[in-house]
Every structure is written in structure tokens, then in C-alpha cells.
Enquirer: 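If you scroll down you'll find the structure; I have some questions about it.
Atoms within a ligand are numbered from 1 in the order they appear, just like the ligands themselves. Below, all heavy atoms of this structure are taken into account, side chains as well, without hydrogens, waters or symmetry copies.
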Amino acid sequence: MTEKKRFWIIKCPRCHTHQIADSRNKSKTCSQCSRRFEILDLPILASAKDAREARAIVADLKMPRTTASEPKVI
Ligand SMILES: [Zn+2]
């Protein structure tokens with residue numbers, strides 16, 4: 001059985017909050033600022049096979065690793 005990545009991690013174009021989007025949907029409303037945007041207009045930062053994995057990725061993106069020599073502020 002092949003697993004398809006169903007959830008995408010994107011960033012709200014207005015407030016830059018990470019959002020989990022279902023890949024079956026075309027648009028999403030930001031949970032933070034209520035801005036509605038087209039998912040396909042935005043770069044997909046990561047994808048996940050389920051909501052749980054997607055949330056883990058978002059948590060990881062929110063907390064950049066401190067081991068990097070040049071921490072990048074997103
Ligand atoms: Zn937003």
C-alpha cells in the first residue's frame with residue numbers, strides 16, 4: 001500500500017504563521033489572522049502523511065535547532 005502525503009505545511013502570506021493544509025483543499029483560512037488564501041499560490045515548506053506528522057513538522061519549524069552555526073530566522 002502506497003502512502004500519499006496528504007498534508008502540506010505552508011505559511012500564511014499575511015502573518016507568516018505556519019499552517020497545515022489538507023492537499024485536497026484549494027484554499028485555506030489562516031487560524032491566526034483569518035486571512036483566506038489559495039494553497040497553490042504558496043510554496044509548500046513540507047508535506048506529511050497525516051495530521052499528527054504535520055503538527056510535528058510545524059512544531060519543529062517553530063523551534064529552529066540551536067545546533068546550527070548560523071541560525072536562520074524565518
Ligand atoms: Zn495569517
Enquirer: Are L45 and F7 linked, directly or through other ILVMFWY residues, by side chains that come within less than 4.5 angstrom of each other?
Expert: yes
Enquirer: So, are D50 and R52 salt-bridged, with charged N and O less than 4.0 Å apart?
Expert: no
Enquirer: Is there a path of hydrophobic side-chain contacts, each under 4.5 Å between heavy atoms, that joins L42 and I9?
Expert: no
Enquirer: Walk me through whether C15 and R35 qualify under side chain to side chain contact (heavy atoms under 4.5 Å, CB included).
Expert: CA-CA 9 Å; C15 69; R35 158 95 187 228; over 6 Å; no
Enquirer: Regarding K28 and E38, does a basic nitrogen lie under 4.0 Å from an acidic carboxylate oxygen?
Expert: no
Enquirer: Is L61 reachable from I10 through a run of I, L, V, M, F, W or Y residues, each pair having side-chain heavy atoms under 4.5 Å apart?
Expert: no
Enquirer: Output, by chain and residue number, all protein N/O/S atoms separated from the Zn ion (ligand 1) by less than 2.8 Å.
Expert: C12 SG, C15 SG, C30 SG, C33 SG
